[in-house]
Amino acid sequence: MGAFLKNYAQFLRFCVAGALNTAINYGVFYTFLVLLDVNYLISGALGFGFAVAPAFILNRTWTFGSSVSIWRGFPVYLTICIFTLGIHLSIQ
């Protein structure tokens, strides 16, 4: 039962981190799109970009407690994020 509770707690932290990341992403997107009248693709990329670092740090430290060096982990994370942003923007 201990492993289940540990995994459940980690899942909840992951959900909270994801919700915060989504709030940052959408807040920046909305600000640029609606308040500053910037193109929706640029606004989407900016929202995504502003949320990348906080999401990485929060998930690395709070959700998963990773011991991988930031200098090694962040470039991999950023590469994956840029790839998925490209897919997202091409579909949009």
Side-chain angles (χ1 to χ4, degrees):
M1 190 68 155
F4 173 78
L5 291 178
K6 181 181 176 188
N7 289 337
Y8 184 72
Q10 187 178 52
F11 174 72
L12 289 178
R13 288 191 303 270
F14 182 74
C15 290
V16 170
L20 182 60
N21 179 44
T22 300
I24 293 169
N25 187 335
Y26 187 73
V28 171
F29 170 74
Y30 181 85
T31 300
F32 278 93
L33 181 68
V34 175
L35 302 178
L36 301 175
D37 197 32
V38 175
N39 177 279
Y40 74 97
L41 291 174
I42 295 170
S43 297
L46 288 169
F48 191 89
F50 273 86
V52 168
F56 175 77
I57 292 168
L58 190 58
N59 277 312
R60 181 183 186 279
T61 57
W62 187 55
T63 304
F64 300 109
S66 175
S67 61
V68 174
S69 163
I70 289 177
W71 303 110
R72 191 170 141 224
F74 188 69
V76 173
Y77 180 78
L78 187 59
T79 301
I80 293 167
C81 286
I82 290 170
F83 177 74
T84 58
L85 175 62
I87 292 171
H88 173 76
L89 292 176
S90 68
I91 292 171
Q92 211 176 22

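In terms of heavy atoms, T84 sits closest to F48 at OG1-CZ, 3.8 Å. Residues L78 and V52 come closest through the heavy atom pair CD1-CG1, 3.9 Å. For the pair I70 and P75, the tightest heavy-atom approach, listed with the atom from each and the gap, is O-CD, 3.8 Å. Counting all heavy atoms, side chain and backbone alike, R13 lies closest to W62 at NE-O, 3.1 Å. Taking all atoms of both residues into account, the shortest heavy-atom contact from N21 to A51 is OD1-CB, 2.8 Å. The nearest pair of heavy atoms linking L33 to V38 is CD1-O, 3.4 Å.
By the rule that hydrophobic residues join a cluster once side-chain heavy atoms approach within less than 4.5 Å of another member, I82 and F50 end up as members of separate clusters. At a threshold of 4.5 Å between side-chain heavy atoms, the hydrophobic network of Ile, Leu, Val, Met, Phe, Trp and Tyr places Y40 and I91 in two separate groups. Under a hydrophobic-cluster definition in which Ile, Leu, Val, Met, Phe, Trp and Tyr are linked whenever side-chain heavy atoms come within less than 4.5 Å, directly or via other members, F29 and I42 are assigned to different clusters. In the hydrophobic clustering of this structure, Y26 does not group with F32; members are Ile, Leu, Val, Met, Phe, Trp, Tyr whose side-chain heavy atoms approach within less than 4.5 Å, directly or through other members.
Few gaps surround OH on Y77; more than 12 heavy atoms of other groups in view lie less than 6.0 Å from it.
Ring planes of F4 and Y8: parallel class, angle under 30° (limits at 30 and 60°).
With rounding to the nearest 0.5 angstrom, the CZ atom of F14 is 5.5 Å from the CZ atom of F64. Atom CG of N25 sits about 10.0 Å away from atom CG of L46, to the nearest 0.5 Å. To the nearest 0.5 Å, the span separating OG1 on T79 from CZ on F74 amounts to 9.5 Å. The CG atom of L12 lies 10.5 Å from the OG1 atom of T63; values are rounded to the nearest 0.5 Å. Interatomic distance, Y30 OH to L36 CG, rounded to the nearest 0.5 Å: 11.0 Å. Here the straight-line distance linking atom OG of S66 with atom CD1 of I57 works out to 12.5 Å at 0.5 Å rounding.
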